[in-house]
Structure formats: structure tokens, C-alpha cells
*Asks:* 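The structure that follows is given in the form of C-alpha cells.
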Amino acid sequence: MTDPFDLAVSPAPAPPQPPSPPSAPAFAGGVAPVADGIAQLNEMQRRAVETVDGPVLVLAGAGTGKTRVLTTRLAHILASGRARPWQMLAVTFTNKAAREMRERVAGLLGCSVDGWWVGTFHAIAARMLRTHAERVALKANFTILDTDDQLRLLKQILEARGVDLKRNPPRLLSSLIQRWKDRGLKPEKVTEAEGADALDGLALGVYADYQERLQVLNAADFGDLLLHTLTLLLAEADVLERYQRQFRYILVDEYQDTNVAQYLWLRALASGHRNICCVGDDDQSIYSWRGAEVGNILRFERDFPGAAVIRLECNYRSTPHILAAASGLISHNRGRLGKTLWTPEGEGEKVAVRGVWDGEDEARMVCEEIEAQHGKGQALSGVAVLVRAGFQTREFEERLIVTGIPYRIVGGARFYERQEIRDAIAYLRLVVQEDDDLAFERIVNVPKRGLGTASLRTIHVLAGQAGLSLAAASARLVLTDELKPQARRSLARLLDDLERWRRGLATASPPDLARAVLDESGYTEMLRADRSPEAGGRLENLKELVSTIAEFDGIGGFLEHVSLVMDNDEAAGDDKVSVMTLHAAKGLEFDTVFLPGWEEGIFPNQRALDEGGAAALEEERRLAYVGLTRARKRAIISHALNRMVFGYWQNAVPSRFVGELPDGATDYVAAPGLFGGRAPSLDAIGRMAGPDASPASAPWHDAPRRSAPLLDGVPYKVQTRAEPATSFATGQRIFHQKFGYGQILEVSGDKLQIAFDKAGTKTIIHSFVEPA
DNA sequence: TCCCTCCTTGTTTTT
DNA sequence: CAAGGAGGGA
């Protein structure tokens with residue numbers, strides 16, 4: 001196995017940067033509020049803010065004011081005149097966190113933060129990459145692929161290799177490739193042994209093909225944003241130097257969630273002045289499945305010797321009982337740095353643990369409790385239902401509707417991932433960049449234009465042979481008789497439309513143009529004609545999309561936003577109950593938190609356990625810890641005894657986590673009639689769900705999937721047909737697949753006038769013809 | 001080419 | 001149980 005850290009940057013032992021000359025503070029108006037802000041901090045927080053130079057690692061437990069420290073620190077550095085705004089780099093993990101940081105800094109300093117380097121890893125990487133795209137053989141206007149594009153591309157590659165898609169689903173390949181990228185490994189960096197291991201070497205080959213295709217398409221996926229930027233920094237000394245010099249201070253949020261690529265990226269940038277401050281909590285590391293390395297926390301002190309380590313342990317959020325429950329639970333984990341959270345608050349309610357009959361009962365119990373709380377004056381916006389996996393939201397949603405409690409599903413099917421939105425975006429992408437083959441494929445027959453697989457194949461063949469984009473190949477094909485008249489006509493129409501819209505880029509306002517595209521393409525009409533229940537909502541979504549575009553400078557800016565900010569920042573202002581996954585809840589807090597589905601198999605999730613073993617169990621436990629620590633006043637855990645899984649009723653064992661909660665902090669109540677009216681002993685639960693308990697694996701986990709025998713397929717090439725055209729002369733006899741034999745009447749460029757013996761006279765591109 | 005039906009197959013978590 | 005894909009018929 002490769003040690004990814006071998007990629008090390010030469011540590012460029014830059015001279016310790018002298019403290020910047022105390023220039024006039026850039027934010028005269030902001031200095032006083034910043035001083036105020038600092039004055040309100042506790043001692044540890046203040047140290048974390050004021051230890052400005054050199055490497056700093058802040059271990060911040062849940063609810064200890066992490067975000068506050070981060071934003072105050074940023075503001076403090078600026079207000080003290082050590083750096084100008086563009087000399088600060090602040091990276092977060094999620095868009096939500098980035099947004100919050102921007103808002104709070106803007107509030108603190110009383111100025112706009114537009115254009116500052118505050119954002120997610122991906123957004124910042126994209127920004128750097130656009131500036132230096134040509135260094136990694138991309139053009140500055142490269143497309144950022146979404147998951148859907150990625151899968152389609154992989155599917156094409158697999159098909160071209162003749163691989164059985166059922167045994168090697170694109171999703172699996174995608175995640176393997178993604179994992180390599182997370183570790184900062186380009187195809188040539190993956191070691192032989194590891195490459196050969198993954199799907200008998202298939203995966204590595206596909207990875208290489210995939211990267212090649214992305215290059216040709218002038219596209220990058222999410223992983224590439226980081227990977228290419230890393231390449232940039234490691235291979236282009238001048239680029240590295242430029243950014244090292246520019247970013248005098250670096251702040252990193254949610255540091256425990258960084259993956260290897262991100263870590264190397266940070267280390268490269270910080271290796272000169274070493275002014276890097278990372279804030280994280282090992283107990284809240286819940287993204288290892290995405291390549292996050294908690295080890296980065298430990299590595300930090302090694303790579304930045306002399307780093308100041310500051311612990312924030314005073315919790316301002318939760319009651320002692322909630323804190324005790326969370327601490328007790330997390331203490332079952334072995335691999336942790338260890339923190340002791342304490343709170344100045346008084347007693348409060350114990351954590352409620354409820355046993356119920358089944359999922360329906362659970363939803364009913366939750367809704368009744370919400371109504372009761374609401375009756376006592378609890379705002380609904382202070383209530384959250386946190387589930388392990390997305391599909392669990394459904395039964396709550398149903399019950400909430402019946403009960404009439406306003407709610408919002410956070411993060412569910414994200415706005416920009418909906419089909420109609422993607423289609424619309426594909427149209428816009430194609431208007432902006434006609435070479436975008438993936439967008440072309442997506443919309444060429446949506447709405448139906450009679451351009452099915454056969455026509456598309458023809459287009460592909462020509463595109464491959466002539467090295468053209470699909471749109472360019474289509475433009476040539478419509479001048480010939482290669483396609484059926486009907487297909488040819490509608491393809492021509494589509495190309496005309498695109499051309500006209502493209503001209504509109506200069507003249508029409510972005511929203512007007514988008515509306516025109518949707519109407520004139522027939523997309524809107526298609527939805528109107530659709531009688532299915534979703535159609536109405538889809539039209540609504542498109543309207544919303546069009547109005548969103550108005551907020552951006554142009555279509556281009558909008559598309560960048562769409563690719564990177566895939567969440568919809570729903571107005572959180574309304575008084576609604578939030579329903580979301582535990583992952584989505586990280587960084588949030590609520591008065592009342594419901595934690596349903598604490599059952600073996602669901603939480604901890606069986607699949608995670610099967611794949612990740614003991615380490616995965618600890619991550620599940622951290623997830624439980626994250627869930628509990630979201631609660632300010634009240635936490636209600638529940639488990640059902642019967643659960644419908646895949647259409648079958650299964651009886652469920654309470655989660656081992658229930659048994660791990662410290663007795664004194666919890667209050668167990670079983671629904672009347674369960675356990676003969678008495679609570680089961682928590683010991684018993686612990687025993688039932690203990691490490692030895694291995695509940696029957698769900699049916700889909702039975703046997704490890706066997707990989708298909710390696711099909712030594714044709715190496716993937718854009719070209720699907722071999723020979724380049726031979727030259728043709730007037731009068732020559734030729735043969736055509738579809739039209740049969742004929743004689744060439746005229747040669748003009750790559751087009752031939754041919755009199756076919758049976759099919760009449762037609763115009764054909766020479767590559768479809770062979771000498772008779 | 002498109003539509004319908006049957007069948008399989010699968011549910012983490014997200015930039 | 002659902003959704004999505006494959007395959008067959010119009």
C-alpha cells in the first residue's frame with residue numbers, strides 16, 4: 001500500500017515570517033466589536049483566538065463555541081492589521097458552515113466578505129484551479145461534473161470495455177475511484193498491488209480511462225478539484241509560492257473531517273510560515289467513509305512540531321444530563337484523544353429513552369410529544385428529528401402531515417439534484433459550452449424528439465472518428481442523409497435552437513434566456529402535458545430555478561454556484577420542525593432533539609458494521625454522540641420492537657448504544673403493554689446487543705459479492721470504429737451499411753455525393769462509406 | 001423508437 | 001415495498 005504521505009512537499013524551511021508591520025487596521029469600524037467579542041470569551045477560547053502566529057490545534061468539544069472562536073480569530077487577525085482580507089484563507093467542510101462563517105465574520109466586522117477566501121475546500125480549490133487550469137491540461141472554463149454525470153461516464157467506459165454492469169456497478173467503481181482521489185492518488189500513483197487488488201485490476205484501468213475522458217471533456221469531478229489543485233501545488237513551484245505568500249494565515253474548520261488530499265493541500269500551503277490553525281473534535285469525526293482521516297489530528301503535531309494545542313471543554317449548550325449521557329456513551333470508544341466536557345448549567349431533564357411497538361407507533365409518539373412541547377411554548381424551529389439514514393424520514397413525514405405539524409426535511413432530495421433541475425442545467429451548460437458532451441447526451445432526447453439510441457450512436461461514431469464534440473458532429477450530420485429524415489429534422493431544429501440561445505447570451509438577461517430555453521425547447525410543454533402528480537411540482541421548481549438565476553451575474557456564475565453549492569439554503573426562519581440525518585445535523589443545535597430508530601442494524605447501521613468492523617462501530621457511536629449533543633434541553637431516544645425492512649417485518653433489538661448510556665442520566669419508559677408493562681433492564685439490552693450479539697445479517701449482506709472474471713476488453717477509446725477514412729474519388733464505387741452500393745458523384749471536403757443503386761442520391765460523410 | 005410490464009435489487013452518511 | 005433497469009411488443 002502506498003504511503004500517500006510520500007508525496008510530501010519539500011518542506012521549504014522558509015524563514016519565520018516576521019510579524020507583519022502594524023499597519024493601520026483595515027477595519028476601523030470593526031475593531032471595537034472585535035475587542036468586545038474577545039472580551040466575552042472564556043480563557044481557553046481567548047487563547048485560541050489570540051495565539052495568532054505559528055501552528056495551533058484547537059480541540060473543541062461539542063457546544064464549546066468552536067465557530068465563535070474561529071470567526072473571532074479571523075476577525076482579530078484582520079482587525080489587528082496582521083493581514084488583509086485576501087491574505088486569509090478559511091476553509092470549511094460544508095456549504096452550511098462556510099455560509100455561517102461568512103455571515104458571522106461580516107457581522108463582526110461590519111463589512112462585506114465578498115471575494116474573500118472563505119469557503120469549502122471544494123469551492124476554494126475550484127477557484128484556484130480556474131486560475132491555473134492550463135497547468136493541469138484543463139481549460140479555465142472546465143465543467144464540474146455532478147454525481148450523475150460521473151456515473152454515466154463510468155457506465156460508458158465500462159460498456160466499452162465489455163464489462164458486466166451488474167457485477168461491476170458504476171457506483172462501486174465510482175466510490176473506489178473517489179477513495180483513491182481522497183488519498184491524493186492519481187491513477188499512476190496507485191501501487192501495482194493495490195490496483196491489481198481492486199476488482200482484479202479492472203478498477204485501476206477504468207480509473208485511468210475515466211481521467212482520460214475527463215481531460216478530453218474538459219471536466220473535473222469533485223475529487224479532481226482537490227486532486228488537481230494538489231498537483232498544482234506540488235508540481236508547480238511558482239504557483240505554490242504565490243499562494244504560500246498570499247495566504248499569511250490559514251484557518252481550518254472541522255479538521256477531523258479532512259481527507260489525505262485536503263491535508264496535503266493544507267500542509268503545502270502552510271509549510272512556509274506555518275500560520276495554520278485547525279479546529280476540530282475527534283469525537284465528531286463522522287466522515288471516514290468519505291476518506292476523512294482522524295489521524296490528521298495526530299499527524300498535525302508531528303508535521304508542525306511545536307504546535308500549540310488548546311482544548312475547549314466548557315460546554316454552553318446542553319444540560320448536565322444530556323452531557324453525561326453523551327460523555328458516557330462516547331467513553332466506550334477506544335481511539336480518542338479524550339476530553340472532559342463540563343457545563344456551568346444546572347440540572348435539567350433526564351434523557352428519555354422510549355420503547356415502542358413499531359415504526360408507526362414511534363412516529364406517533366414523536367408527534368404527540370412535539371405537540372405537547374409546542375403546547376408548553378416550545379417553538380417548532382427548536383425541535384429536530386434526527387435519523388440515521390435518509391429513508392427513515394419518510395414515516396415521520398407521513399405522520400407529521402397527518403398531524404398537521406409544519407416541518408421541513410433538511411437535505412433530503414436536494415434541489416439541484418432533481419431531475420428537472422438537472423435537465424434545465426444541462427441545457428444551460430450546452431448553451432454556454434457547446435462541447436459539453438455529457439449535457440448534450442442528457443437533453444438530446446428530452447423532451448422526446450425521436451432521437452433515440454440509434455441516432456445517438458451515429459452521432460457518437462462520427463464524433464469519435466473526427467475528434468469532434470457531439471454537438472459539432474451533429475452539425476455535420478444534419479447536412480447529410482445519414483440519419484433518418486425525422487431524426488435529422490429534429491436534430492437540426494435542436495442545433496438551431498441552441499445557436500439562437502447562444503446568441504441570446506449576449507443580449508437577453510439570464511433569467512429571460514433560461515425561460516426561453518425551457519419554453520422553446522419544449523421542456524415546459526412536456527411537463528404541462530404530463531398528468532402525473534409530480535409534474536406540477538416540477539414546473540414550480542423550474543420557476544424557482546429561473547428566479548434564482550436572477551441573483552447571479554450571468555449564466556456562467558450561476559452554473560459554478562450550482563455545481564459547488566448543492567444544498568438549498570431553505571429559509572430557516574419559519575417555525576417548523578426539522579427532520580434530517582444525523583450527518584446533516586452536525587453543527588446545529590435544538591432545544592428538543594428526537595433520536596428515533598436506535599436499533600441494532602439501523603443504528604449502528606448493519607452495513608457499516610459489515611464493511612468497517614470495529615472502527616465503523618466507533619464511528620457509529622460518534623454519530624450517536626453528535627446526535628445527543630445537538631440537544632440543548634431535551635433528548636428523546638426511541639427504539640421500536642418491530643420494524644418493516646424491505647417489506648418484511650423484523651423484530652428489532654434495541655441498539656447497544658441504549659445500554660451504554662449511563663443509568664443516572666436516562667429515564668426509560670416503555671409504551672404500555674410492552675415488556676409486560678415494565679421497562680426491560682438496561683443490562684439485558686446491553687447483553688442482547690453486546691459485542692457478541694450478531695443479529696442475523698440482513699439478506700442483502702449474505703455473501704460477499706464476487707467480482708466478474710476480468711474481461712480483457714478492448715481498451716476504451718473514443719473511437720468505436722477502427723479505420724480512418726481512405727480517400728475517395730469521383731466515380732468510385734462504394735458501399736454503405738444502410739444504403740448499399742453506389743457511385744460517388746462528387747467529393748467536397750469530407751462529404752460525398754453518392755448515387756446509390758437502390759436508395760437514390762444522398763449526401764454522406766466519407767467515414768460512413770467504404771470502397772466497394 | 002417508445003412504452004409498458006416484469007423482475008431484480010437494494011437503504012448509510014455528502015462535497 | 002419501492003424504484004429502476006431490462007426486455008419484449010406495438
Side-chain angles (χ1 to χ4, degrees), chain A residues 91-98 119-126 144-147 150-151 155 165-167 169-172 174-175 178 181-182 220-227 254 257-259 261-262 285-292 359 386-395 410-414 416-417 419 445 447-457 483-484 486-487 490 562-567 580-586 597 601-612 616 619-620 622-623 626-627 643-650 698-702 705:
Chain A
V91 279
T92 65
F93 215 63
T94 63
N95 291 304
K96 203 162 51 184
T120 62
F121 275 101
H122 291 86
I124 285 174
I144 299 172
L145 298 192
D146 62 29
T147 324
Q150 272 178 60
L151 291 177
K155 193 173 158 202
L165 291 177
K166 288 201 168 155
R167 287 178 182 278
R171 298 180 54 120
L172 179 65
S174 166
S175 72
Q178 204 53 58
K181 289 186 177 178
D182 287 340
D221 65 18
F222 279 116
D224 284 338
L225 294 178
L226 296 170
L227 194 57
E254 303 286 15
D257 287 329
T258 52
N259 61 34
Q262 288 161 334
S285 161
I286 54 176
Y287 283 105
S288 72
W289 51 273
R290 222 176 84 182
L386 307 183
V387 296
R388 174 63 181 87
F391 69 92
Q392 292 174 266
T393 58
R394 229 187 50 187
E395 58 189 353
V410 179
R414 281 176 293 284
Y416 292 115
E417 282 179 16
Q419 192 176 357
N445 203 28
K448 299 260 179 294
R449 297 190 172 89
L451 294 167
T453 43
S455 310
L456 199 56
R457 197 179 327 119
L483 295 169
K484 286 195 201 148
Q486 193 195 343
S490 50
V562 165
S563 330
L564 292 169
V565 187
M566 290 295 247
D567 63 347
M580 66 185 110
T581 64
L582 288 160
H583 284 86
K586 189 154 80 151
I602 292 187
F603 191 34
N605 177 283
Q606 186 61 45
R607 181 159 165 187
L609 259 38
D610 287 351
E611 285 170 9
E619 179 146 321
E620 294 287 301
R622 290 193 290 271
L623 208 41
V626 167
R643 187 70 73 177
M644 173 97 92
V645 181
F646 286 156
Y648 293 102
W649 281 104
Q650 307 206 327
W700 65 96
H701 293 126
D702 274 347
R705 209 159 275 279

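Every chain is numbered from 1 and lettered A, B, ... according to where its sequence line falls, protein lines coming before strand lines. Bear in mind that the values here come from a model prediction, so they are computed numbers and not experimental data.
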*Asks:* Spell out protein contact along nucleotides 1-6 of chain B as letters: B when the base is contacted, S when just the sugar-phosphate is, - when no protein heavy atom is under 4.0 Å; keep the 5' to 3' order.
*Replies:* SSS---
*Asks:* Whole-Å distance between dT15(B) P and K96(A) NZ?
*Replies:* 8 Å
*Asks:* May I ask you to say what Y287(A) touches in the nucleic acid, namely base, sugar-phosphate or nothing, with a heavy-atom cut-off under 4.0 Å?
*Replies:* sugar-phosphate
*Asks:* Can you find a side-chain donor-acceptor pair between Q606(A) and D610(A) that sits under 3.5 Å?
*Replies:* yes
*Asks:* Could you tell me the separation between the CZ atom of R171(A) and the P atom of dG4(C), rounded to a whole number of Å?
*Replies:* 11 Å
*Asks:* A quick test of your reading: do over 12 heavy atoms of other residues, nucleotides or ligands sit less than 6.0 Å from CD of Q486(A)?
*Replies:*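 At most 12 heavy atoms, drawn from other residues, nucleotides or ligands, come within 6.0 Å of this atom.
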*Asks:* Does the ring of W289(A) meet both stacking tests against the six-membered base ring of dT13(B): centre distance under 5.5 Å and plane angle under 30°?
*Replies:* yes
*Asks:* Taking T120(A) for the side chain and A123(A) for the main chain, is one N or O donor matched with an acceptor at less than 3.5 Å?
*Replies:* yes
*Asks:* Tell me whether R394(A) at atom CZ has more than 12 heavy atoms from other residues, nucleotides or ligands lying less than 6.0 Å away.
*Replies:* no
*Asks:* Relative to the 5' end of DNA chain B, which residue comes earlier, N605(A) or F93(A), by the nucleotide with the nearest heavy atom?
*Replies:* N605(A)
*Asks:* With C1' as the reference atom in both, quote the distance from dT12(B) to dG5(C) in angstrom, rounded to an integer.
*Replies:*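 dT12(B) and dG5(C) have their C1' atoms separated by 23 Å.
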*Asks:* What is the separation between atom CG on L151(A) and atom C1' on dT14(B), rounded to the nearest whole Å?
*Replies:* 14 Å
